[in-house]
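The next block holds one structure in the form of structure tokens; read it before the comments.
None of these values were measured; they are calculated from a predicted model. Hydrogens, waters and symmetry mates are skipped; everything else that's a heavy atom, side chains included, is used.
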Amino acid sequence: MANGVFELQRSRFAMVLQLLIFIAMLSLTYSLLALWIWLLCFCMMSVAWFLFLKQPQIRRFEYLDHQECSFEFSDPALTIQRRQIVKILDHQLYIALYFSHQKNKNCIIWWDQLSHLQWKKLKLRAKLG
């Protein structure tokens, strides 16, 4: 593994967190809404969560230059993309990557997506950048 290469797995922590928030929202709305509205909300939230999970995830990224990176996605139909990172924010449990072009969505990397050594290297880059 090169110094600036980060191999990402799917985050189990993010999945559990999303599921707990999903259940909390459903339990709160159950007591506030009529049953048919609650069922409609449940269906819409389930479809939205399913579509969110189907989005291609970043599988690997590598620093090419100071802020220039190449990103490889889990979807084989997508080509490797070059993106310029503007800002890296460390929020302890996750690191947010902000890109220069507005068409590229921001990237969240959770602590359990990387090995311990890679997580430390990314946190160091966040502090330096």
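- Contact check for Leu51 versus Trp49: no side-chain heavy atoms found under the 4.5 Å cut-off.
- We find the CG-CE distance between Leu20 and Met15 to be 11.5 Å, quoted to the nearest 0.5 Å.
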task: Tell me, with the steps shown, if Val5 and Glu7 meet side chain to side chain contact (heavy atoms under 4.5 Å, CB included).
output: CA-CA 7 Å; Val5 177; Glu7 301 279 341; 3.9 Å; yes
Show which side-chain atoms of residues 76-98 pair as donor or acceptor with protein atoms under 3.5 Å away, not counting sequence neighbours.
{"residue": "Gln81", "atom": "OE1", "partner": "Arg83", "partner atom": "NE", "Å": "3.1"}
{"residue": "Gln81", "atom": "OE1", "partner": "Arg83", "partner atom": "NH2", "Å": "2.7"}
{"residue": "Asp90", "atom": "OD1", "partner": "Gln92", "partner atom": "N", "Å": "3.0"}
{"residue": "Asp90", "atom": "OD1", "partner": "Lys123", "partner atom": "NZ", "Å": "3.1"}
{"residue": "Asp90", "atom": "OD2", "partner": "Lys123", "partner atom": "NZ", "Å": "2.7"}

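- Looking only at side-chain heavy atoms (C-beta outward), Phe61 and Leu8 come within less than 4.5 Å of each other.
- Heavy atoms from other residues, nucleotides or ligands lying under 6.0 Å from CZ of Phe13 number more than 12.
- Annotation: the span from Ile109 atom CD1 to Gln118 atom CD amounts to 10.0 Å, rounded to 0.5 Å.
- From Gln57, atom CD reaches atom CD of Gln9 across 12.5 Å, with rounding to the nearest 0.5 Å.
- Closest approach of Arg10 and Leu53 over heavy atoms only: NH2-O, 3.2 Å.
- In this structure, Leu64 and Cys69 have side chains that are not in contact, with every pair of non-hydrogen atoms separated by 4.5 Å or more.
- Judged as a ring-ring contact (aromatic ring centres under 6.0 Å, His included), and not counting sequence neighbours, the contacts of Phe99 are Phe71.
- Met25 is not listed as a side-chain neighbour of Ile23, based on a closest heavy-atom distance of 4.5 Å or more.
- The shortest heavy-atom contact between Gln113 and Ile108 is OE1-O, 3.7 Å.
- Atom CG of Leu32 is separated from atom CG of Leu28 by 7.0 Å, given to the nearest 0.5 angstrom.
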Report all side-chain donor-acceptor pairs from residues 38-46 shorter than 3.5 Å, counting only partners two or more places apart or in another chain.
{"residue": "Trp38", "atom": "NE1", "partner": "Leu26", "partner atom": "O", "Å": "2.8"}
{"residue": "Trp38", "atom": "NE1", "partner": "Thr29", "partner atom": "OG1", "Å": "3.4"}
{"residue": "Ser46", "atom": "OG", "partner": "Phe42", "partner atom": "O", "Å": "2.8"}

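- For the atom pair OG (Ser70) and CZ (Arg60), the distance works out to 7.0 Å, reported to the nearest 0.5 Å.
- Side-chain contact check for Lys121 versus Leu117: some heavy-atom pair is nearer than 4.5 Å.
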